[in-house]
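Quick notes on the structure that follows.
In this text, all values refer to a predicted model and were calculated from it rather than measured experimentally. Computed over heavy atoms, backbone and side chain alike; hydrogens, waters and symmetry mates excluded. Throughout, protein chains are lettered first and strands after them, A, B, ... in sequence-line order, and every chain is numbered starting at 1.
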Amino acid sequence: MLKPYTPALDMSDIQATVLRPRPSPYVGEYVVLRIDDAAQGREMLRRIIPHVAPADEWWVPSLPGWLGIAFTYQGLKALGLPQASLDSFPVEFRQGMAARAAILHDFGGNAPSNWEYPFGNSDMHVALAVYSDNEQHLGEILARAGQSHHDLAHVSVVYRMRFNELPGGRNPFGFRDGLHNPHVEGSVAEEDGFVPAASNASIKAGEFVMGYPDELGQTALAPIPGELRHNGTFVAFRKFHMDVAAFRKYLRAHASSPEEEELLAAKMVGRWRSGAPLVLAPDHDDPALGGDATRNNDFSYADDMKGLKCPFSAHTRRINPRDALKDDVVNVNLHKFLRRGTNYGSALPEGVLEDDGAERGGVFLLIGAHLQRQFEFVQSQWATDGNFISHGAEQDPLVGNNDGEGVFTIPKIPVRRRLHGLPCFVSVRGGEYCFMPGLRALQWLARLGDNAD
Amino acid sequence: MTTKVIENERTAMSQHITRQPDGPGKRIGKKGEISFLGKLAPGAAKVFRERLPQIQAEAGSWEDGVGTVVDFRATLIDNDTRMLVTIVYDGDFKPYLEDVLSKAGPWLDQVFGGFEGFKGVKDRKSVEELVANTHFECDLFYIANPDVTARDVAKMQRLSKAVGDLLDAAN
């Protein structure tokens, strides 16, 4: 017998972007606004709130898609949030992502000085993420969003960026996309038909949404006041350029056959292009496994502790080590975030090895209640360092900040293979930390100046 | 007073010193350092001395669980009124703090439990205050093999043994 539907989370208050995967296929747009007048900013907010999708409406949306809204520290300041409240936000949010470059290993080509405007700039105040299933519906939602500020002279659009799904739900490198996310305790009822893989245990909701106990049994006490904090979370926004031609050329130069190229690519990623995980399909791709949502995430590294199937340094094993670090100091449940990834640009045609100069890549919304021990930890300790796997300075072969001298180790018997000369396949084009409040908190923000104005 | 390094054959071996990217302490290669100096609560030194044999005996187990500590010293000073703790460890300090507290909390409580005002690692606010009020960075820092971690040493020992066994078998 099914258990009664008793959601632990206040789905009607949490933004859909936090808890729900994007549609497939999808089109969408990121829009960044700057606010030069607090009263006009709050007026924009009042108008746009009815269009912001809550998580419980995801299954039967009132709009032909959904809109999410989040604010930078500068944005909250521009809306007139009192200083005591601004000061109560965690230091990394107050500083902004660009100021954390040394911690995040955003050096060289990834340095904030090379980011696109308005990332790393104090002009980035409000971020809108609009998702839909087709261009017509997207246009309708964008029009409603535009109506919220079209007559407000002191609210301006400073950035717009379209995104869309690539054929087959692949990322620009050709790998099946968006396969894994932690299961948030209480976020999905059995009636919804979702059954998390046995090896993908639920994570306490407080890791991802404030107002609920987290993995340490603590409930967030900041930012203040509680009306602002409750059902809110943080978003690390990262825009990446993906150098697909460089990736293909590297594979071609270091493999002796097309089959070996595919194996090498899978070793770097930790999955085959179909999505089949290496630990379940170590020798060749298994498209049926890759396409089976009940199986493609149901695996552990327990019988691959020497990395002979999936290298320690493979992208997916680094970013989500599952049980691979069970004998280590680290508690992996403290370092998880929800990942809402989207791709932009067109696919580089099959077989092309020369860069066509087109901009293509991905934008990731990395969502969690603890930016420092989630996004910043994963970026600084697992993606851009090799200490935790005894690999010295070796970085993630795919998303690491490799500089042409990167190293990638593939455990093998009798002798491991070590590849050298890895370039930077993925470059940072920009990023920022945002606060994504619950819907009641949005209303609270919109009312901020009611007594003063 | 000398304010400038005079280059000579010995300074050619100078180690490049930085600071931890997100937390207190100096850093050379992969090794970081941090120290704590704090006043002890009345009677805390006596309790520490009584418990010391057990704390010492369990140090290997707890710190092996953490896996990144190279050197850990705790010393009662100033007629048992204060304690000095110095640590050298691999990697960053702040990102791993939560994991270390979760993994080795009971042992760390035994070591730091006598610091005045400290309520134990389960009270994270108290940990924050302890770190903020008692930590300091050393003035002079030297570390051998700065790019080799404790985990690397264990791996090299295994490798060295395997090579030794192979050579022995070949004789």
Side-chain angles (χ1 to χ4, degrees), chain A residues 90-92 95 99-107 207 214-222 306-307 312 321 325-336 370-394 409 411 413-416, chain B residues 18-24 27 29-32 61-70 72 87 89-105 107-108 121-128 132 145-159 162-163 166:
Chain A
V91 62
E92 65 277 11
Q95 290 181 339
R100 310 284 286 178
I103 293 161
L104 300 174
H105 293 221
D106 282 340
F107 305 125
E207 289 295 310
D214 62 19
E215 285 287 319
L216 294 170
Q218 296 167 350
T219 303
L221 298 173
K306 292 187 174 176
F312 302 117
L325 304 179
K326 64 182 171 57
D327 298 326
D328 201 275
V329 63
V330 78
N331 175 357
V332 294
N333 285 359
L334 301 181
H335 308 293
K336 290 179 182 285
H370 308 278
L371 284 169
Q372 267 194 35
R373 67 172 164 83
Q374 295 172 329
F375 165 70
E376 290 197 341
F377 180 94
V378 171
Q379 172 67 16
S380 66
Q381 305 302 314
W382 290 349
T384 57
D385 199 1
N387 256 0
F388 77 110
I389 47 173
S390 286
H391 277 28
E394 186 170 326
T409 306
I413 289 176
V415 182
R416 56 112 173 106
Chain B
T18 58
R19 301 194 69 247
Q20 287 289 31
D22 188 19
R27 174 106 173 225
K30 291 191 171 297
K31 304 275 174 61
S61 170
W62 289 104
E63 291 303 342
D64 186 58
V66 172
T68 55
V69 176
V70 177
F72 189 112
I87 307 171
Y89 59 96
D90 301 323
D92 296 344
F93 174 76
K94 206 166 177 183
Y96 277 101
L97 183 59
E98 195 56 66
D99 298 283
V100 170
L101 295 175
S102 299
K103 192 85 175 186
W107 188 78
L108 292 170
V121 301
K122 280 190 176 164
D123 186 331
R124 296 296 199 261
K125 185 82 184 155
S126 184
V127 174
E128 278 175 32
N145 304 313
D147 291 319
V148 182
T149 66
R151 201 179 276 115
D152 291 339
V153 171
K155 190 177 168 185
M156 286 175 191
Q157 280 180 322
R158 287 198 303 275
L159 189 64
V163 171
L166 179 73

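Results of the side-chain contact (heavy atoms from CB on, under 4.5 Å) test with B:Asp99 over A:Arg373, A:Gln381, A:His335 single out A:His335 as the only residue that passes. Of the listed residues (A:Val329, A:Asn333, A:Leu216, A:Val330), just one forms a side-chain contact (heavy atoms from CB on, under 4.5 Å) with B:Ser102, and that residue is A:Leu216.
Here the NZ-CG distance, from B:Lys103 to A:Asn331, works out to 8.5 Å after rounding to the nearest 0.5 Å. Between the NZ atom of B:Lys155 and the NE2 atom of A:His391 there is a distance of 6.0 Å, given to the nearest 0.5 Å. Annotation: the span from B:Glu98 atom CD to A:Gln372 atom CD amounts to 11.0 Å, rounded to 0.5 Å. A:Ile103 contributes atom CD1, which lies 8.0 Å from atom NZ of B:Lys94 (distance to the nearest 0.5 angstrom).
Contact detail for B:Pro21 and A:Ala102: the closest heavy-atom pair is CB-O, 4.4 Å.
Using a cut-off of 4.0 Å between Lys/Arg side-chain N and Asp/Glu carboxylate O, A:Asp385 and B:Lys30 are scored as salt-bridged.
When each of B:Gly65, B:Ala154, B:Gly91, B:Pro95 is scored by its heavy-atom pairs under 4.5 Å with chain A, the top score falls to B:Pro95. Counting heavy-atom pairs closer than 4.5 Å to chain A, the top-ranked of the candidates B:Thr149, B:Asp92, B:Asp64 is B:Asp92.
Within the 4.5 angstrom heavy-atom criterion, no atom of B:Asp147 approaches chain A.
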